[in-house]
Every structure is written in structure tokens, then in C-alpha cells.
Asker: 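My questions all concern the structure below.
Side-chain atoms are counted along with the backbone in the values below, which use heavy atoms only and exclude waters and symmetry mates. Sequence lines set the chain letters: A, B, ... in the order given, protein chains first and strands last, and positions in each chain run from 1.
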Protein chains: 2
Amino acid sequence: MDGRGVVTRQAAQGKQRGATRRESGAETRRRLLEAAEELFSQEGFERVSVRDITERASANVAAINYHFGSREGLVGQVMARYINPINEERLRLLDEIEARHGDSPPPLEEVMDAFVRPFATQVSRSELSERLFFKLMARVCGDQLAELPAEVERGFETMLARFRAAFRRCLPEVPEEELTWRIHFAVGAMLHSMAHWEMLNRFSQGAAGSPTTETILNRLIQFAVAGMNQGR
Amino acid sequence: MDGRGVVTRQAAQGKQRGATRRESGAETRRRLLEAAEELFSQEGFERVSVRDITERASANVAAINYHFGSREGLVGQVMARYINPINEERLRLLDEIEARHGDSPPPLEEVMDAFVRPFATQVSRSELSERLFFKLMARVCGDQLAELPAEVERGFETMLARFRAAFRRCLPEVPEEELTWRIHFAVGAMLHSMAHWEMLNRFSQGAAGSPTTETILNRLIQFAVAGMNQGR
DNA sequence: AAGTTTTTCAATCAAGTGTTTGACAGCTGG
DNA sequence: CCAGCTGTCAAACACTTGATTGAAAAACTT
């Protein structure tokens, strides 16, 4: 009677044998993050318990508190893991655009592209499926910014300030307040389509032609640009 | 030592003396709904416990199960209470528009107006503040439609089908799939501005002029119309 | 090799969850 | 007046929640 009925984690997971213990620590941490991402994107940050996560990750309940301090700490990590790189890439693309156009204001379409596209490019970095990734990002950006980890929130604010300035240069004749609203509308269109990516893709597949992420991205950009310009 | 320290509900609430017992039942039910609406709009449907609600409503914990069968039943009632009248008003306005224009397709702007305006008109029916009302509506429409009560969901679907047909007539040259996306973008813009009404109003108040609900509504409609039209 | 640090685990904690119960109060209609 | 609803309430229900404990195990260091 050594391991009667009890399946060890190694056997259940098929974890490679060569992993040293120190690697195993990071491995568990990674598995927890991955499980949390999947569950959070499907159910939302509220509805998922630490036991749901540890069970899916084949880890002990205490693992989350050991590796992340608390449930909240894990949530913060999940939020930061993709959104920070995305915000950084946004700024990088904006830098390129502004460098390319020098003193003259850049085309609105390019700025909007830099604002939206990083979600599509960073999706491949994730081990999540496209639909879960977008759902997760929509939850991170949309829920309420008060709950974001301080570091993530600061990143958001500086990013938004830069883009706001860029939009302002694109649309010099639009009043400040009006510009705020238009940006907000565009963000809403973006978040909502990410949140319901799955449903919209289902619709699209009925039609002819393959609705790639790229075409959807272009549609969103066209819509947002038209809304920002408003007939100009 | 009769009521030592214990404040009765009547005293705490200042409830009018003339209310019969039967009226009191409906009164409690109303107070529960009101408390639930406030808390749900502030915290979201997940984070609020039945005890939070009954405490705020100065009622017993069992009251929710007595009056609504379960917590879920209360959630359904809260969702249905405003969203159904809104969807009905949307259809009523659309009827008027289509009657007015006969066989010729109605202007896109009018259809979009009928789609958005009912939120603004029904807000006054509510005892909630404007900002809580919009927050609540954004949660109802945005979270995930899978959880809506069956009756509410059916209402949503028939309303959307009618508006989709109307938009189709306004934009006959736009392919079906493309139209789906543009409507979705517009809905996203609408929901996001409702969810962050408070923040946006704060921005606006810094600027000159009074940012009434009407002007915000118009900005949203202009943005959505421009996005739907896309330069035409 | 022995000793130290890192990681895992079952068991347990206090607090909170939605719901049910049975007794009690008050209005209603006979 | 008194049975019969209707509504309220404190108490308890069974269960889940995030977090902690102390011991055992594994990995690393010297």
C-alpha cells in the first residue's frame, strides 16, 4: 500500500522528469497563473475561488498564498501579465508614428491603429485561446479601474495621456471635452467587441470569406476613425 | 426593559403609521428592490450579499427569499424592472419613425436616436440617481446575456432584430456581416459611456457650459452615426 | 555528508454565503 | 370573536470562502 488510489501530481500532469525542484517552484507558479487566466476570462474575477484555481492547476490550496501572497496578489499578476506589454507596445508604435511624421500631425487612422493593434499582436504571446485572451483583456480594461494594481493603473494613465495628446494633434478643431467623449466611445467599441469576440466570430462564420482577426481589427479601426472624425 | 437598545424598524425607518399589514408587504418588497438596485449598481451583481441588501432595506434576511423566492429571483426582478420598459420604448419610437417615413428608409440618425434615447428618458422613472441608473443598465446589458432572465432576454432579441432590420434599410449597401459589426461597435460605445458616466461627467464639469444628459446623448449618437455611415 | 532553504500538503481556522425553519404578530373575512 | 392568511423575525442550516498552520518532503549549499 504505497500510493493507493492517490494519483501523484507528476503522474496526473505528465510533468517532465528532468525538472529540478527550483524549476518546479516556478512551474507551479506558472500553472497557477495559467489556470487563473483561463478561469478568470471565462467566469470573471469575482466568481472564481482559489480552490477552483488550485484544483485546475493540480496544486494545493495553500499554493496561491505561498506564491502570490493572497488571492488579490494573483489577480494583480494576471492583470499585469498582458496589459503592461500591450500598453508598452502601444507607446512604442505611437513613438514610431510620431517619429515618422515629424512635426506634422500623424493620420488619425495610424494613431488609432497603434491604439488597437497591440491586442491582436500580443494575443499570440499568450497560451490562452484568442477568444479567452480577448475576454480577459476586456475584463481587465473594462471592469473598473479602481481595482487595478497601482503599477498597472499608472501605466494606463501615462499611455492614455500620450494617446490623448496624439488624437488632439490629429483633430485640432475638436474641443477638449468633445475629444474626451469621442475617445471614450472608441474605447467602448473596442472593449465590447473584445468581450463578445466569440459571439461575433460565430456570426461571421456564417458569411462568406474567412473573418480573420485582421479584418475585424480593420473594421473596428474604420468605425472608430469615422466616429472620431465625424464626417470630416 | 422592553425594547432595550433595540430600535424597531418603524422607528428607524419612520414608516407611516397608516400602512396596513398587506401594504407593508409590498412596501418591504419595494424597499428590497430599491436597496438591491443601489448596491448592484455600485458593486456589481456578484459582490453584494443578501445580508447587505436586507440590512440596507432594514428587513430580515429571510425577506428576500420570501418575496423573491431566491437571490437569483431578486436579481432577475432588478434586471427586468427598467430594461423591459426601455426596450419597449425603443420599439415604440422605432414604430413612430417607420410610420412617419412610410416606404422610404428612415434617416440613420433617427433610428440611432430611438435606440439610445430611452435610457435617458427612463432614468427619471427611477428613484436612483442618474449615475447609478446608468451604471446599473450598463451592468445589465453588458455583463453577459446568458444570465439574463429568459423573459428579459427574449425582449432583447426581438428588439435587436427590429433595429437590425431598420439599420439594414438605412444602409442597404453595407454587407450583412459588416452591419453586425458596426451595430456591435455602436452598442459598445453606448454601454461604455453609461458605465463610466460618472467619470466622464466629472471631466466635463471642468469645461465651460453645462454638460446635460441631452448633449452627451447627442455626442454619442453623432459618433455612432458617423461610424455606421463611415464617410458616406 | 549534514545542514539550510524552498516548496508542498493535509488539516484547520474564522468568517461569510444563500436558504430554511418554526414561532409569532397582525390584518382579513367569516 | 376567532380561524386563516400574510408578513416578519431570530436562529440555525449546510456549505463555501480566503487564509494559516506545522510538519514533511524535496532541492540546494557547504
Asker: Quick one: the side chain of B:R51 and the base of C:dG16, do they pair up donor-acceptor inside 3.5 Å?
Answerer: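 Counting by modelled atom types and ignoring angles, no donor-acceptor contact under 3.5 Å is found here.
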
Asker: Output the rounded distance in Å from CZ (B:R47) to P (C:dG16).
Answerer: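 Distance, rounded to whole Å: 17 Å.
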
Asker: Give the ring-plane orientation class for A:F163 versus A:F167, where under 30° counts as parallel, over 60° as perpendicular and anything between as tilted.
Answerer: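 Taking A:F167 first and then A:F163, their aromatic rings sit tilted (interplane angle of 30° to 60°).
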
Asker: Please tell me if A:T28 has a side-chain N or O lying less than 4.0 Å from either OP1 or OP2 of C:dT7.
Answerer: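 Checking A:T28 against C:dT7: no side-chain N or O falls below 4.0 Å of OP1 or OP2.
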
Asker: Can you sort out which residues in residues 65-75 of chain B have a heavy atom within less than 4.0 Å of DNA chain D? Ascending by number, please.
Answerer: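 B:Y66, B:H67 - these, ordered by number, are the residues of the stretch whose heavy atoms sit under 4.0 Å from the strand.
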
Asker: Using atom CZ of B:R31 as one end and atom P of D:dG7 as the other, report the distance to the nearest whole Å.
Answerer: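 Going from B:R31 (CZ) to D:dG7 (P), I get 13 Å.
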
Asker: Can you tell me which nucleotide in D:dT8, D:dC9, C:dC9 comes closest to the side chain of A:A62?
Answerer: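 Looking only at heavy atoms from C-beta outward on A:A62, the closest nucleotide is C:dC9.
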
Asker: Taking the six-membered ring of B:F115, is NZ or CZ of B:R90 closer than 6.0 Å to its centre and within 45° of its axis?
Answerer: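 Here B:R90 passes the 6.0 Å and 45° test against B:F115.
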
Asker: At under 4.0 Å, does any side-chain N or O of B:N60 touch on OP1 or OP2 of D:dG7?
Answerer: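 Result: no.
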
Asker: Rounded off to whole Å, could you give me the CD1-to-P distance for the A:I64 and C:dT8 pair?
Answerer: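 One finds 13 Å between P of C:dT8 and CD1 of A:I64, rounded.
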
Asker: Looking at B:E46 and B:R139, is there a salt bridge between them, counting it only when a charged N and a carboxylate O are closer than 4.0 Å?
Answerer: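 A salt bridge is absent here (no side-chain N lies under 4.0 Å from a carboxylate O).
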
Asker: Starting at CD of B:E46 and ending at P of D:dT17, how long is that distance when rounded to a whole Å?
Answerer: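 My rounded result for the distance is 13 Å.
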
Asker: Can we say B:E177 and B:R182 salt-bridge, meaning some charged N sits less than 4.0 Å from an Asp/Glu carboxylate O?
Answerer: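 Answer for the salt bridge query: no.
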
Asker: Measure CZ/B:R29 against P/D:dG7 and give the value in whole Å, please.
Answerer: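 After rounding, the reported distance stands at 10 Å.
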
Asker: Does the side chain of B:R219 reach to within under 4.5 Å of the side chain of A:H184, using non-hydrogen atoms?
Answerer: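 No, their side chains stay 4.5 Å or more apart.
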
Asker: More than 12 foreign heavy atoms under 6.0 Å from CD of A:E55: is that the case here?
Answerer: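 Atom CD in A:E55 is not crowded, with 12 or fewer foreign heavy atoms closer than 6.0 Å.
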
Asker: Output the rounded distance in Å from CG (A:L32) to P (D:dA19).
Answerer: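 My rounded result for the distance is 13 Å.
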
Asker: Which atom pair, heavy atoms only, marks the closest approach of B:P118 to B:D113?
Answerer: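 Here B:P118 and B:D113 meet closest at CD-O, 4.1 Å.
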
Asker: Would you mind reading off the distance between B:E27 atom CD and C:dC27 atom P, rounded to a whole angstrom?
Answerer: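 After rounding, the gap between these two atoms is 15 Å.
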
Asker: Does C:dT17 have OP1 or OP2 sitting under 4.0 Å from an N or O in the side chain of B:S49?
Answerer: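 It does, given that an N or O in the side chain of B:S49 lies less than 4.0 Å from OP1 or OP2 of C:dT17.
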
